> 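First the structure, which I've put down as structure tokens, then a few questions once you've had a look.
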Amino acid sequence: MSKKFYIFPKRIFDIIFSMVIISTILVWMVPLVAIIIWMESKEKTFFKQERIGKNGKPFYIYKFKSMKGDCPVNDPLLSKDEASRITVFGKFLRKFRIDEFPQFFNVLKGEMSVVGPRPERQFFLDEMIKYIPKYREIQELKPGITSLGQIKYGYADNLDQMLNRARYDLIYLDNLSIWTDIKVIISTIGIVFQGKGK
């Protein structure tokens, strides 16, 4: 599908889908998660981190906080490098990908889409472009809460795994359609209920 005839209906879909999730799930989930996080670790409810969005524009992604303390600002780490900081409740949030739900606010703000390439930090984005120059084209799209790479490959613990997952994002780029987005969402719901996050 031509991007011209895809972007507008995709944005309408994103707005409607996000408003439904926020009004039916996040409206009660946020205070409940906030209470549990505070009781367990005295941490703030939300975690934010700079990621790279459409056309290379940086933005702050929001998640429920699943780790103790703050991550290094100038030392980008992969999830496996920070595993020791994950709380007990944080493991539950990540297992069922509940920590990702605040990103629906990013979607409503227009920074993200429900489905799109995984939002990366500049350091890792630059590394992937070194090995896969075509990956630069990914920045033509808004990053997504879920992606084809996430459902086909899953989480990445090193650069090689990130590169393998990135190839699925390029497949998505070549097959843009609302129907593709719907299939990715349906597959993501199945993964969430199976608790395959980490």
Side-chain angles (χ1 to χ4, degrees), residues 1-15 17-18 48-63 71-82 97 99-100 103-104 106-192 196-198:
M1 175 184 285
S2 168
K3 292 185 182 69
K4 179 180 178 181
F5 297 103
Y6 168 71
I7 297 300
F8 180 71
K10 180 178 177 68
R11 180 58 184 154
I12 298 300
F13 176 84
D14 283 344
I15 291 171
F17 193 89
S18 297
K48 72 174 185 177
Q49 187 178 64
E50 187 178 277
R51 300 292 175 94
I52 303 303
K54 184 177 180 180
N55 298 323
K57 182 179 179 181
F59 72 99
Y60 282 102
I61 196 172
Y62 293 95
K63 296 184 179 185
C71 66
V73 176
N74 298 315
D75 184 16
L77 300 174
L78 291 164
S79 296
K80 69 179 180 65
D81 300 318
E82 300 186 280
R97 300 192 179 180
D99 61 317
E100 309 276 357
Q103 291 169 42
F104 283 103
N106 288 115
V107 175
L108 208 56
K109 290 169 64 179
E111 298 165 332
M112 294 179 66
S113 183
V114 176
V115 180
R118 183 170 175 82
E120 295 291 354
R121 283 164 282 180
Q122 187 70 64
F123 174 84
F124 292 118
L125 182 61
D126 291 341
E127 288 296 303
M128 286 190 286
I129 290 173
K130 285 181 186 177
Y131 291 93
I132 311 177
K134 183 177 171 60
Y135 199 71
R136 191 182 305 276
E137 296 177 23
I138 281 294
Q139 294 181 65
E140 296 175 10
L141 302 175
K142 291 179 183 177
I145 296 176
T146 186
S147 69
L148 186 62
Q150 279 293 94
I151 64 171
K152 292 292 188 181
Y153 192 86
Y155 288 93
D157 290 329
N158 55 56
L159 180 59
D160 286 340
Q161 292 179 5
M162 293 179 79
L163 292 172
N164 287 330
R165 184 179 61 197
R167 292 183 173 90
Y168 287 103
D169 286 335
L170 292 176
I171 292 173
Y172 174 76
L173 181 65
D174 291 334
N175 294 274
L176 298 177
S177 73
I178 295 298
W179 176 235
T180 299
D181 286 4
I182 291 172
K183 288 191 290 185
V184 170
I185 290 170
I186 292 172
S187 297
T188 301
I189 292 171
I191 289 172
V192 167
K196 289 186 176 181
K198 65 178 182 178

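None of the values given here were measured: they were computed from a predicted structure. Reckoned from all heavy atoms, side chains included, excluding hydrogens, waters and symmetry mates.
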> Who passes ring-ring contact (aromatic ring centres under 6.0 Å, His included) against Phe13, sequence neighbours left out?
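Phe13 satisfies ring-ring contact (aromatic ring centres under 6.0 Å, His included) with Phe17 only.
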> Which residues pass the side chain to side chain contact (heavy atoms under 4.5 Å, CB included) test with Ile171, not counting sequence neighbours?
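With sequence neighbours excluded, Ile171 shows a side chain to side chain contact (heavy atoms under 4.5 Å, CB included) to Leu148, Tyr168, Asn175, given in chain and number order.
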> Taking atom OG of Ser147 and atom CG of Leu141, what is their separation to the nearest 0.5 Å?
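Those atoms lie 11.5 Å apart.
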> What are the two closest non-hydrogen atoms of Asp169 and Pro117, and how far apart are they?
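Scanning both residues completely, I find the closest heavy atoms to be OD1-CA, 3.7 Å.
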> Mind checking the CG-OH spacing from Asp126 to Tyr135? Nearest 0.5 Å is all I need.
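Asp126 CG to Tyr135 OH: 12.0 Å, rounded to 0.5 Å.
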> Answer yes or no: is there a side-chain heavy-atom contact under 4.5 Å between Ile182 and Ile186?
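In contact.
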> Listed by chain and number, what are the side chain to side chain contact (heavy atoms under 4.5 Å, CB included) partners of Arg167, not counting sequence neighbours?
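Per chain and number, Arg167 pairs via side chain to side chain contact (heavy atoms under 4.5 Å, CB included) with Ile132, Leu163, Asn164.
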> Could you tell me which residues satisfy side chain to side chain donor-acceptor pair (under 3.5 Å) with Gln139, sequence neighbours excluded, listed by chain and number?
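Partners of Gln139 by the side chain to side chain donor-acceptor pair (under 3.5 Å) criterion come out as none, since no residue qualifies.
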> Would you please name every residue forming a side chain to side chain donor-acceptor pair (under 3.5 Å) with Lys130, sequence neighbours left out?
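Side chain to side chain donor-acceptor pair (under 3.5 Å) list for Lys130, sorted by chain: Glu127.
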> Look at atom CZ of Arg11 and say whether more than 12 heavy atoms of other residues, nucleotides or ligands are closer to it than 6.0 Å.
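It does: Arg11 CZ has more than 12 such atoms within range.
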> With the side chain counted from C-beta on, respond yes when Val107 and Gln103 share a heavy-atom pair under 4.5 Å apart, and no when they do not.
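The answer is no, as the side chains (C-beta and beyond) never meet within the 4.5 Å cut-off.
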> Can you pull out every salt bridge (charged side-chain N to carboxylate O under 4.0 Å, His left out) where at least one residue sits in residues 144-155? Sequence neighbours excluded, please.
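Listed by first then second residue: nothing to list.
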> Is the side chain of Asn55 donor-acceptor paired with the backbone N or O of Lys57 at a distance under 3.5 Å, no angle test?
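Judged by distance alone, no pair lies under 3.5 Å.
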> Flag the pair Thr188 / Ile145 as yes when at least one side-chain heavy-atom distance between them is below 4.5 Å, and no otherwise.
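A side-chain contact under 4.5 Å is absent here.
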> Do Leu125 and Arg136 have side chains that get closer than 4.5 Å, going by heavy atoms?
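No, side chains not in contact.
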> Roughly how far, to the nearest 0.5 Å, is the CZ atom of Arg118 from the CZ atom of Phe124?
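Reported to 0.5 Å precision, the distance equals 10.5 Å.
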> Checking Gln150 side chain against Thr146 main chain: does a donor-acceptor pair fall under 3.5 Å?
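Flag not set: sc Gln150 to bb Thr146 has no pair under 3.5 Å.
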> Check side chain to side chain contact (heavy atoms under 4.5 Å, CB included) between Glu111 and all other residues, then give those that pass, not counting sequence neighbours.
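Partners of Glu111 by the side chain to side chain contact (heavy atoms under 4.5 Å, CB included) criterion, ordered by chain and then number, come out as Phe59, Asn106, Lys109.
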> Please name the pair of heavy atoms, one in Gly53 and one in Pro143, separated by the smallest distance, quoted to 0.1 Å.
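For Gly53 and Pro143, the tightest heavy-atom pair comes out as CA-CD, 3.8 Å.
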> Which residues pass the side chain to side chain donor-acceptor pair (under 3.5 Å) test with Lys10, not counting sequence neighbours?
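If we apply the side chain to side chain donor-acceptor pair (under 3.5 Å) test to Lys10, skipping adjacent residues, the hits are Tyr6, Ser113, Tyr172, Asp181.
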> Could you tell me whether the side chain of Thr180 and the main chain of Leu176 form a donor-acceptor pair under 3.5 Å?
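No, the answer is negative, given that no donor and acceptor are paired below the 3.5 Å cut-off.
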> Roughly how far apart are Ser18 OG and Met112 CE, rounded to 0.5 Å?
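Interatomic distance, Ser18 OG to Met112 CE, rounded to 0.5 Å: 9.5 Å.
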> I'd like to check Lys54 versus Glu140 (side-chain heavy atoms, cut-off strictly below 4.5 Å). Are they in contact?
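Result no, sub-4.5 Å side-chain heavy-atom pair not found.
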> Is any side-chain heavy atom of Gln122 closer than 4.5 Å to one of Ile52?
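Contact flag for Ile52/Gln122 side chains = yes.
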> Residues in side chain to side chain donor-acceptor pair (under 3.5 Å) with Glu137, at least two apart?
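Partners of Glu137 under the side chain to side chain donor-acceptor pair (under 3.5 Å) test: Lys134.
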> Report the residues that fulfil salt bridge (Lys or Arg N to Asp or Glu O under 4.0 Å) with Arg51, sequence neighbours left out, ordered by chain and then residue number.
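By the salt bridge (Lys or Arg N to Asp or Glu O under 4.0 Å) rule, Arg51 matches no residue at all.
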